[in-house]
Chemist: 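Shown below is the structure under consideration.
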Amino acid sequence: MNNKKELTLSIIKPDAIERNLSEKIKSIFLKNKLSILETKKLHISKDEASEFYKIHQSKPFYDQLCNYLSSGPIEVLILEGENAVLKNRELMGATDPKNAKEGTIRKLYGISIDKNSVHGSDSVENAKIEINFFFKK
Ligand code: CMP
């Protein structure tokens with residue numbers, strides 16, 4: 001088995017912050033052996049959201065997505081653990097909460113495909129880019 005220690009980026013989105021779910025979501029990461037190396041709360045502008053999600057710029061939902069991520073405070077986290085990218089994606093569940101497995105964060109807390117409570121990097125390469133976006137020193 002491949003047991004690489006990796007870093008990944010998690011975002012707790014406005015719908016989850018608004019409902020005070022941050023501690024519950026963080027406890028799911030910790031219980032599943034993902035350490036939280038750094039965390040910060042912030043409220044990004046639409047321009048910053050557009051830059052962060054530019055990989056989706058050709059998608060029909062891009063504008064809505066950027067409006068949403070900039071609509072309220074978020075919390076960004078650097079997670080570390082073995083196979084952290086995949087593990088975080090498994091813990092989050094499917095993008096649309098309707099399709100997410102029982103026990104996953106999006107099944108537990110997601111409201112809709114937009115208000116799906118969390119974002120997680122989809123590869124080690126994108127994790128580096130996304131961590132750098134929020135935590136560049
Ligand atoms: P996230 O993992 O943050 O990455 C992109 C986001 O686009 C996704 O979660 C969803 O919240 C959002 N989104 C909105 N509409 C769609 C859609 N039709 N397909 C995929 N993602 C969508």
Side-chain angles (χ1 to χ4, degrees):
M1 194 167 133
N2 185 5
N3 287 331
K4 281 186 284 89
K5 227 176 194 197
E6 294 172 351
L7 299 181
T8 192
L9 182 91
S10 170
I11 303 178
I12 303 180
K13 295 187 180 183
D15 66 276
I17 296 293
E18 198 182 338
R19 288 175 290 148
N20 290 313
L21 294 171
S22 169
E23 292 310 313
K24 286 192 174 132
I25 291 172
K26 286 193 266 186
S27 78
I28 293 175
F29 295 142
L30 296 173
K31 257 188 251 157
N32 286 279
K33 297 189 181 160
L34 288 175
S35 316
I36 299 168
L37 293 192
E38 292 204 48
T39 175
K40 68 180 170 192
K41 285 201 176 134
L42 65 171
H43 189 159
I44 60 173
S45 66
K46 183 166 180 189
D47 282 353
E48 289 168 318
S50 305
E51 177 63 22
F52 178 76
Y53 272 135
K54 68 178 182 224
I55 198 167
H56 294 299
Q57 64 193 349
S58 62
K59 311 269 173 62
F61 54 84
Y62 179 60
D63 193 53
Q64 190 178 318
L65 174 62
C66 300
N67 280 333
Y68 176 59
L69 197 70
S70 57
S71 68
I74 58 172
E75 187 169 352
V76 291
L77 309 119
I78 302 177
L79 303 178
E80 183 188 54
E82 284 176 9
N83 299 305
V85 171
L86 183 62
K87 190 180 273 184
N88 181 38
R89 291 182 70 79
E90 286 171 356
L91 294 174
M92 288 193 300
T95 306
D96 188 340
K98 281 204 298 279
N99 303 325
K101 285 191 192 148
E102 287 301 325
T104 61
I105 295 169
R106 286 167 169 164
K107 182 72 179 185
L108 286 166
Y109 304 125
I111 296 170
S112 64
I113 196 163
D114 299 300
K115 297 182 174 179
N116 62 355
S117 300
V118 279
H119 165 84
S121 310
D122 64 0
S123 64
V124 171
E125 195 184 20
N126 281 336
K128 283 189 191 132
I129 295 168
E130 293 184 354
I131 288 169
N132 197 40
F133 182 88
F134 284 111
F135 291 95
K136 198 162 37 185
K137 301 250 158 78

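The structure presented is a predicted model; accordingly, all values stated were derived computationally and were not measured. Atoms within each ligand, like the ligands themselves, are counted from 1 in listed order.
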Chemist: In the single-linkage hydrophobic clustering (I, L, V, M, F, W, Y; side-chain heavy atoms under 4.5 Å), do I105 and I78 co-cluster?
Modeler: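 No, I105 and I78 fall in different hydrophobic clusters.
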Chemist: Should the pair E51-K54 be classified as a salt bridge under the 4.0 Å nitrogen-to-oxygen rule?
Modeler: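 A salt bridge links E51 with K54.
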Chemist: Do V118 and L91 have side chains that get closer than 4.5 Å, going by heavy atoms?
Modeler: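 Contact flag for V118/L91 side chains = no.
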Chemist: Should D63 and K46 count as side-chain neighbours, where that means a heavy-atom distance under 4.5 Å?
Modeler: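 D63 vs K46: side chains touch.
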Chemist: Give one line per pair: atom of ligand 1, protein atom, distance. Only N/O to N/O under 3.5 Å.
Modeler:
residue, atom, partner, partner atom, Å
ligand 1, 2 (O), R106, NH2, 3.2
ligand 1, 2 (O), H119, ND1, 3.4
ligand 1, 3 (O), K13, NZ, 2.8
ligand 1, 3 (O), Y53, OH, 2.5
ligand 1, 3 (O), H119, ND1, 3.0
ligand 1, 9 (O), K13, NZ, 3.3
ligand 1, 9 (O), N116, ND2, 3.3
ligand 1, 11 (O), K13, NZ, 3.3
ligand 1, 11 (O), I113, O, 2.6
ligand 1, 11 (O), N116, OD1, 3.4
ligand 1, 11 (O), N116, ND2, 3.2

Chemist: Would K40 and F135 count as a cation-pi pair here, with the cationic atom under 6.0 angstrom from the ring centre and within 45° of the axis?
Modeler: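 Output yes; distance and angle both within limits.
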Chemist: Considering residues, nucleotides and ligands other than K115, do more than 12 of their heavy atoms fall under 6.0 Å from its NZ?
Modeler: no
